[in-house]
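Step one of this worksheet: look at the structure below.
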Amino acid sequence: MHRLFPTIACLLVSATSLSVAQTNPNRMTWFRDARFGMFIHWGLYAIPAGEWKGKQIPGIGEWIMNRAKIPVAEYEQLAKQFNPVDFDAERWVRTAEAAGQKYMVITAKHHDGFAMFHSKVSKYNVYDATPFHRDPIAELAAACKRHHMPLGFYYSQTQDWHEPDGNGNTWDFDPSKANFDKYLHEKAIPQVRELLTNYGPVALIWFDTPRIITDAQSKELADLVHTLQPKCLVDGRIGNDKGDYRSTGDNEIPVKVLDYDWETPVTTNDTWGFKKNDNNWKSSQTLIRQLVDVASKNGNYLLNVGPTAKGDIPEPAVERLQQVGAWLKVRGAAVYGAKPSPYPYEFNWGSVTSKGNRLYLNVVEWPANGSFEIYGLSNRVRKASVLGDKNSSLTFQQSKTGGHDTLRIDVPSAAPNSDVSVVALDLDATPKVNTGLVQQPDGTITLNCALGKLPAETKVKVSNRGITSGWLDTGETVEWDFESYRPGNYEVLARTAPVRSAGGWDTSQWEQGNELQVSIGDKKVEHALQNDGTISDPRNPLTPDIKSRLGAISLEPGAHHLKVEALKIGSDRKLGVRLREIELVPAGQ
Ligand code: JFZ
């Protein structure tokens, strides 16, 4: 009997470390319903706005002190110029409200160490150190209260470039002399206490870049938050898995439904804090598509704006937010309070969300032939309609051919919306679907690494985005079971990803030469990876992949097992095999 204990103990440990939220489901409710929030990065860095002493400083705007190695004594002088005469908390909240955002998170203190609230702990704050002499956090809290908008605070708990004992400033201070625990107890904790005491109910504290923080220190901080305000959430970047929910990497959207609460922070252009020369704005179409995609995978979309030193949210951001809001006004039911897709995988045409007996088909690629098909839904459909369009009941047919369920909906030939069209399905009960990997109505079979099986012993890891890393050895494998419905010849494609470089995801950071073998039963193809073209994801145009043809295989309908193996690693740059998926596409398509 005692031999069972290690296993059970193991299970318990992984269950608790998965997400604290599971033990506190009540405080997660508003967050799960919200799905969409406004992030605000605002601080002294908005004054230089990406430029220091006449030079453009590369990278994100709020990191300028670090990137340009600006001494504390010099950076501090910015406070004397900070006078955001245009700041109007009411206007910011109205902007978020019109965008359909259901919570706000503002930088109360970023890595530069400057408090954007009236702190008694350090004079280095917006009230005491600037001619502005107001507390914007207090004004925002009051405006949010009037609008019933939950407000959270970003607080950089580990990095503080203003303090010798904080983490990160290696140009003024000697890191070997830093006493981080002293900083934590004399600045971070007292300031977090102020934020949770002086500004009414706080929706969440958004900690960031945990770095050197220990397990005990993360726990102490999380406990402090929950003691002062039991309903206040703690984000995943508090470190050591002590958050109520998890945060993905910046601008990172996972490839599959995650069965825990999570959030992705996303920039509207390429910076968080305002940069005057950053005009690389994402289109409102991309923002809408990302938001819907994130909701379909059980996540929240925290979309950033970086107000100027005068206190204005940049006009291009406001315009885009308005467009997202207009879309949500008509189709918000598919997002707010929506549960994720019952299907574990992505669809080429868009994504699925659900609510009770309803399924929302969020269509990005509208069918050209007037017919929309989806497989594997075993419920009876009572009604199909285009969301937001009053008299748009659609005719449909359900059949079971070749042993699988097919729903075919007659749809107008023009997409009802150019960003995402939503078809609502009313079902006889909560959705029941085939969660296996199957051939799709367009004939393709997509096998993503996040849904594959790796050997028990392997150096390969699979990221949230379903991409392998650490694949530097031959013999490593990924395997899948899937079902096909149509006989024929299939092209076998490998879709591999470049490495992220400073400039983002850049297809030049990709390496050819690795040789892959794909086998389905006793049929095999093998080929070196070569660049046969770029594939960009309509959900996330910022993360292009490379397509490589490996050969062709004929398949009979039925259950199959596919294995991909590395035969040769031709990787001189040690990027390794960065496989996202194996795709089978009907030949000649
Ligand atoms: C951090 C900050 O350093 C940055 O200034 C900004 O506030 C952003 C929201 O968060 O940057 C990160 C933190 C984590 C990752 C990437 C950037 N990550 O996990 O990929």
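Worth saying up front: this structure is predicted, and the values here are computed from it rather than measured. Indexing begins at 1, ligand by ligand and atom by atom, following the structure's order.
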Contact (N/O only, under 3.5 Å) between His41 and ligand 1: yes
Donor + acceptor pair across side chains of Thr209, Gln159 (<3.5 Å): yes
Protein heavy-atom partner closest to atom 19 (O) of ligand 1 - residue, atom, separation in Å: Gly249 CA, 3.6 Å
Protein heavy atom at shortest distance from atom 12 (C) of ligand 1: Asp250 OD2, 3.2 Å
Non-hydrogen side-chain atoms of Thr353 and Pro340 separated by less than 4.5 Å: no
Thr248-ligand 1 polar pair, N/O distance under 3.5 Å: no
Of the listed options Asp208, Val105, Val266, closest to atom 10 (O) of ligand 1 (non-hydrogen atoms): Asp208
Ligand 1 contact by Glu252, heavy-atom criterion under 4.0 angstrom: no
Ligand-side contact atoms (ligand 1) for residue partner Tyr154, heavy atom cut-off under 4.0 Å: 7 (O)
Subset of ligand 1 atoms that lie under 4.0 Å from at least one heavy atom of Trp63: 2 (C), 3 (O), 4 (C), 5 (O)
His111, any N or O under 3.5 Å of ligand 1 N or O: yes
Centroid-centroid distance, Trp30 to Tyr103, less than 6.0 Å: yes
Shortest protein contact, atom 4 (C) of ligand 1 (heavy atom only): Glu62 OE2, 3.3 Å
Centroid-centroid distance, Tyr45 to Trp63, less than 6.0 Å: no
Salt-bridge criterion met for Asp419 and Arg289 (N-O under 4.0 Å): no
Polar proximity ligand 1 side, Arg237 side, N/O cut 3.5 Å exclusive: yes
Between Glu220 and His185, a side-chain donor and acceptor under 3.5 Å: yes
Ligand 1 contact by His110, heavy-atom criterion under 4.0 angstrom: yes
Asp86/Arg91 ion pair, N-O < 4.0 Å: no
Ser156 side chain to His110 side chain, donor-acceptor N/O pair below 3.5 angstrom: no
